[in-house]
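Letters A, B, ... mirror the listed sequences (proteins, then strands); counts begin at 1.
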Amino acid sequence: MKIASFNINGVRARTHALDAWLEDAQPDVAVLQEIKTQDEGFPTAFYEDKGWHVAVHGQKGFNGVAMLSRLPIEDLSLGLPGDDTDEQARLIEATVVGKTAVHVCGIYLPNGNPAPGPKYDYKLAWMERLRLHAAAMLAYEVPTVLLGDFNVIPEPRDAAKPENWVDDALFLPQTRAAFRRIVNQGWTDAIRIRDPHATRGPFTFWDYQRLSWERDNGIRIDHLLLSAHAADLMVDAGIDRAVRGGEKPSDHVPVWVELDA
DNA sequence: ATGGTCGCGGAGCGA
């Protein structure tokens, strides 16, 4: 079972890039971030006609997440628990059953800039709620993949120019510590373990500005965290880097993991 | 140091 994540930065602006990638990569499950539309603006019927099961958690203008699955979507849940006043659409999770059941939780973690400030406070609060939810998911002991745009640069080697990010909400010590608290519950970073001693990259995001792609001035902020049961089933993982060089690309590229499930 | 690029929605914000 191939499970992927792609921050598409607007589903309407990304029709070509998304379809081309789906055709090429053939994921069984794909979680999408920043669809930037309400539910009714998502091309649900279009993808259902192509054989996808579709779940959408939309929001007008900003944020918004979705799930496309070749397998039926079961036990769908929308939104991060822990704050009934939080109306931002940033989490979609469900169970899909192939050879075995896999729980898939797709997230769009808040950016948090500028820091300090209310947006950074919201980011840290969201990460604390995610920590609690992640622990609850591990307790189910179903193979689980927690993936998406985390808006966290975990280590200096995850940025081409870490010195440019020292005051940024994606790289501040508090952000990285909050990320570590989650990972240290027992999650496996599927991309990092493929090359544990890499000193630079790989990257998943290149800003539209300052010729970042042409200069390979990237960062790694899209992550796939595997529960122990999921890590035992991992066959391969990767980053579809070439997507960034395509026509009308997102500023993120897809990340994926293949499980024997 | 500054400004640079996108998407959404139809100005300015978010990233």
Using 0.5 Å steps for rounding, measure from the [atom1] atom of [X] to the [atom2] atom of [Y].
X	Y	atom1	atom2	answer
Leu32(A)	Ile92(A)	CG	CD1	9.0 Å
Arg12(A)	Phe42(A)	CZ	CZ	11.0 Å
Ile182(A)	Arg131(A)	CD1	CZ	8.0 Å

Nearest heavy-atom pair of His133(A) and Glu93(A): which atoms, and what distance? NE2-OE2, 2.6 Å
For a quick test of reading the model, state the closest non-hydrogen atom pair linking Ala134(A) to Gln185(A) and the distance between them. CB-OE1, 3.3 Å
Once you apply a heavy-atom cut-off of 4.0 Å, does Phe205(A) come out as touching a base, just sugar-phosphate, or nothing? nothing
Taking the side chain of [X] as its heavy atoms from C-beta onward, which of [options] lies nearest to it?
X	options	result
Lys248(A)	dG4(B), dG7(B), dG9(B)	dG7(B)
Lys60(A)	dG14(B), dT5(B), dG9(B)	dG9(B)
Arg90(A)	dG7(B), dC8(B), dA15(B)	dA15(B)

Euclidean distance for [atom1], [N] against [M] (whole angstrom):
N	M	atom1	answer
dG3(B)	dG9(B)	P	28 Å
dG7(B)	dA11(B)	C1'	14 Å
dT2(B)	dC8(B)	P	30 Å
dG4(B)	dA15(B)	C1'	14 Å
dG10(B)	dG14(B)	P	15 Å

In whole angstrom, give the distance that lies between atom [atom1] of [X] and atom [atom2] of [N].
X	N	atom1	atom2	answer
Gln88(A)	dA15(B)	CD	C1'	13 Å
Gln59(A)	dC8(B)	CD	P	14 Å
Leu170(A)	dG14(B)	CG	C1'	13 Å
Asn63(A)	dA15(B)	CG	P	7 Å
Lys36(A)	dG14(B)	NZ	C1'	7 Å
Gln209(A)	dG7(B)	CD	C1'	13 Å
Asn7(A)	dC8(B)	CG	P	12 Å

Closer than 4.0 Å, any side-chain N/O of Arg14(A) to the OP1 or OP2 of dC6(B)? no
Can you find a side chain N or O atom of Arg210(A) that sits less than 4.0 Å from OP1 or OP2 on dT2(B)? no
What class does the angle between the rings of His223(A) and Phe179(A) fall in, given that below 30° is parallel, 30 to 60° is tilted and above 60° is perpendicular? tilted
Given Tyr47(A) and Leu18(A), is the side-chain contact (heavy atoms from CB on, under 4.5 Å) satisfied, shown in steps? CA-CA 11 Å; Tyr47(A) 287 109; Leu18(A) 177 58; 3.2 Å; yes
Carboxylate-amine/guanidinium contact Asp216(A) Arg200(A), below 4.0 Å: yes
For nucleotides 10-13 of chain B, print each protein N/O atom paired with a nucleotide N/O atom at under 3.5 Å, atom names and distance only.
none

Could you tell me whether the side chain of Arg90(A) and the main chain of Val65(A) form a donor-acceptor pair under 3.5 Å? no
Hey, does the side chain of Lys119(A) reach the backbone of Pro114(A) with a donor-acceptor pair shorter than 3.5 angstrom? no
Give, ordered by number, those residues of residues 149-169 of chain A having at least one heavy-atom distance below 4.0 Å to an atom of DNA chain B; if nothing qualifies, reply none. none
